Amino acid sequence: MPGASTLAALRPMPELPEVETTLRGIASHAVGRTVSEVRVHEHRLRWPIPTDLPERLIGRKLVRLDRRSKYLLFRLRQVRPVSSDREGTLLVHLGMTGSLRWYSADAALPARRTHDHVDIRFDDDGVLRYHDPRRFGAILWLDDPADEHPLLAKLGPEPFTPEFNARYLQQALASRSTAIKLALMNNAVVVGVGNIYANEALFRAGIRPTRASNRISRARLERLVEAVRQTLSEAIAKGGSTLRDYVDSSGEPGYFQLDYFAYGRAGLPCRVCGRMLREARLGGRATVFCTGCQR
DNA sequence: ACCACGACCTGCACGC
DNA sequence: TGCGTGCAGGTCGTGG
């Protein structure tokens with residue numbers, strides 16, 4: 001068990017693996033259910049939760065649950081009072097401290113705690129509860145086609161699709177002299193890479209976070225693409241890194257965490273070469289790297 | 001067109 | 001002990 005200060009330094013946030021883990025946890029319970037009740041206790045998130053959210057959701061059946069970038073997209077189709085092809089999308093973003101937890105009907109729903117902002121009840125009496133201390137998250141209703149919504153329209157490729165490859169990256173970065181770490185975290189370049197995984201992927205790829213984006217060889221971009229995928233997929237496989245605030249959809253405090261090479265390790269010896277890891281600030285974010293392993 | 005940075009928000013660690 | 005300060009971080013919006 002690491003000391004308390006170490007834990008604090010390693011407090012992960014809902015990055016893509018955590019969002020993916022949440023999706024998988026919820027989908028098995030909620031898909032196919034119809035919304036029966038919606039309670040909004042606090043509407044002040046990043047944007048106000050629409051006041052008509054209950055009437056939008058009630059009587060609609062969750063037909064699919066998708067993820068685009070770090071957005072969870074609940075596809076809902078009208079079934080009551082009359083069935084129709086009307087479909088809409090509930091968009092949920094966890095911000096930095098948000099979590100969604102499913103409470104099955106088998107047990108009594110626990111009393112609301114501080115920062116429990118929304119309850120969505122389904123026809124089997126299961127409840128999806130949104131919790132978000134810092135309220136950086138978002139809950140919005142999108143009329144279809146949701147993909148044309150401004151929040152989704154200009155997003156870059158998903159890291160696991162074939163579109164995200166070294167050729168694409170080289171072209172996307174060709175006109176950018178900005179630091180590669182900032183480019184990686186730019187959602188127009190590729191989605192789903194936040195601060196933690198940007199640090200880790202760059203370490204694994206052997207690329208200095210401050211390096212100019214358009215000064216990286218194709219071969220090294222190949223390595224970067226692989227590093228991004230490996231870092232994310234390892235984290236997903238481990239159930240998402242878990243942090244103080246983040247709880248997965250069943251409420252288990254995740255004890256899974258990537259063995260970080262860089263993130264949160266400034267001043268500690270590099271696990272590969274032993275040199276002391278350096279810290280810089282890039283775009284206001286903690287940036288950790290090894291002067292020996294990363295060029 | 002591009003880029004840097006402020007703002008949003010709470011909880012926690014830290015120093016005086 | 002208690003208080004003030006800074007940091008954590010996703011991402012939109014703004015100003016350069």
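Being a predicted model, the structure only gives us computed values, none of them experimental. Here is how names work: the chains are called A, B, and so on, in the same order as the sequence lines, proteins then strands, and each is numbered from 1.
- End-to-end axis angle of the helix from dC2(B)-dG16(C) to dC16(B)-dG2(C), using five pairs per end and rounding to 10°, comes to 60°.
- Nucleotide dG10(C) holds its C1' atom 13 Å from the OH atom of Tyr263(A), rounded to whole Å.
- Between the P atom of dT10(B) and the CG atom of Asp132(A) lies a distance of 10 Å, rounded to the nearest Å.
- Across the protein-nucleic acid pair, Arg134(A) atom CZ and dG11(B) atom P stand 9 Å apart, rounded to whole Å.
- Using a cut-off of 4.0 Å between Lys/Arg side-chain N and Asp/Glu carboxylate O, Glu20(A) and Arg67(A) are scored as salt-bridged.
- Partner Leu73(A) forms a side-chain contact (heavy atoms from CB on, under 4.5 Å) with one of Asp66(A), Val92(A), Leu23(A) and no other, that one being Asp66(A).
- To the nearest 0.5 Å, atom OH of residue Tyr168(A) and atom CD of residue Glu163(A) are 10.0 Å apart.
- Rounding to whole angstrom units, CG of residue Leu282(A) and P of dG10(C) are separated by 14 Å.
- One atom, CZ of Arg44(A), and another, C1' of dA7(B), lie 16 Å apart when rounded to the nearest Å.
- Here Val272(A) is tied into one hydrophobic group with Phe203(A), Phe261(A), each link being a pair of ILVMFWY side chains closer than 4.5 Å.
- In this structure, the CZ atom of Arg68(A) is 16 Å from the C1' atom of dG10(C), given to the nearest Å.
- For the pair Tyr197(A) OH and dG10(C) C1', the interatomic distance rounds to 14 Å; values are reported in whole Å.
- In this structure, Arg129(A) forms a cation-pi arrangement with Tyr103(A), its terminal cationic atom sitting closer than 6.0 Å to the ring centre and no more than 45° off the ring axis.
- Using a 4.0 Å heavy-atom distance criterion, Arg281(A) is classed as a sugar-phosphate-only contact.
- Side-chain rings of Phe122(A) and Trp102(A) approach one another, their centers coming within less than 6.0 Å.
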Would you give me the side-chain donor-acceptor pairs under 3.5 Å for residues 286-295 of chain A, sequence neighbours excluded?
unit_1: Thr287(A); atom_1: OG1; unit_2: Lys181(A); atom_2: NZ; d: 2.9
unit_1: Thr287(A); atom_1: OG1; unit_2: Arg285(A); atom_2: O; d: 3.0
unit_1: Gln294(A); atom_1: OE1; unit_2: Cys290(A); atom_2: N; d: 2.8
unit_1: Gln294(A); atom_1: NE2; unit_2: Leu202(A); atom_2: O; d: 3.3
unit_1: Gln294(A); atom_1: NE2; unit_2: Ile207(A); atom_2: O; d: 2.9

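- Looking only at atom types and distance, the side chain of Tyr130(A) has a donor-acceptor partner in the side chain of Asp132(A) under 3.5 Å away.
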Are any protein N/O atoms closer than 3.5 Å to N/O atoms in nucleotides 11-16 of chain C? If there are, list each pair with its distance.
unit_1: dT11(C); atom_1: OP1; unit_2: His93(A); atom_2: NE2; d: 2.5
unit_1: dT11(C); atom_1: OP2; unit_2: Asn187(A); atom_2: ND2; d: 3.3
unit_1: dT11(C); atom_1: O4'; unit_2: Arg46(A); atom_2: NH1; d: 3.2
unit_1: dT11(C); atom_1: O2; unit_2: Arg46(A); atom_2: NH1; d: 3.3
unit_1: dT11(C); atom_1: O2; unit_2: Arg46(A); atom_2: NH2; d: 3.0
unit_1: dT11(C); atom_1: O4; unit_2: Arg285(A); atom_2: NH2; d: 2.9
unit_1: dC12(C); atom_1: OP1; unit_2: Tyr71(A); atom_2: OH; d: 2.9
unit_1: dC12(C); atom_1: O4'; unit_2: Arg46(A); atom_2: NH2; d: 2.5

Distances under 3.5 Å between nitrogen or oxygen atoms of protein and nucleotides 2-5 of chain B:
unit_1: dC3(B); atom_1: OP2; unit_2: Arg176(A); atom_2: NH1; d: 3.2

Enumerate donor-acceptor pairs with a distance under 3.5 Å from any side-chain N or O in residues 47-59 of chain A to protein atoms, sequence neighbours excluded.
unit_1: Asp52(A); atom_1: OD2; unit_2: Arg56(A); atom_2: NE; d: 3.3

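- Separation of atoms CG (Asp125(A)) and OG (Ser36(A)) is listed at 6.5 Å; rounding is to 0.5 Å.
- Taking atom OH of residue Tyr130(A) and atom C1' of nucleotide dC9(B), one finds them 12 Å apart after rounding to whole Å.
- One hydrophobic cluster, built from ILVMFWY side chains closer than 4.5 Å, holds both Leu232(A) and Val189(A).
- Checking the phosphate oxygens (OP1, OP2) of dG11(B), a side-chain nitrogen or oxygen of His115(A) falls inside 4.0 Å.
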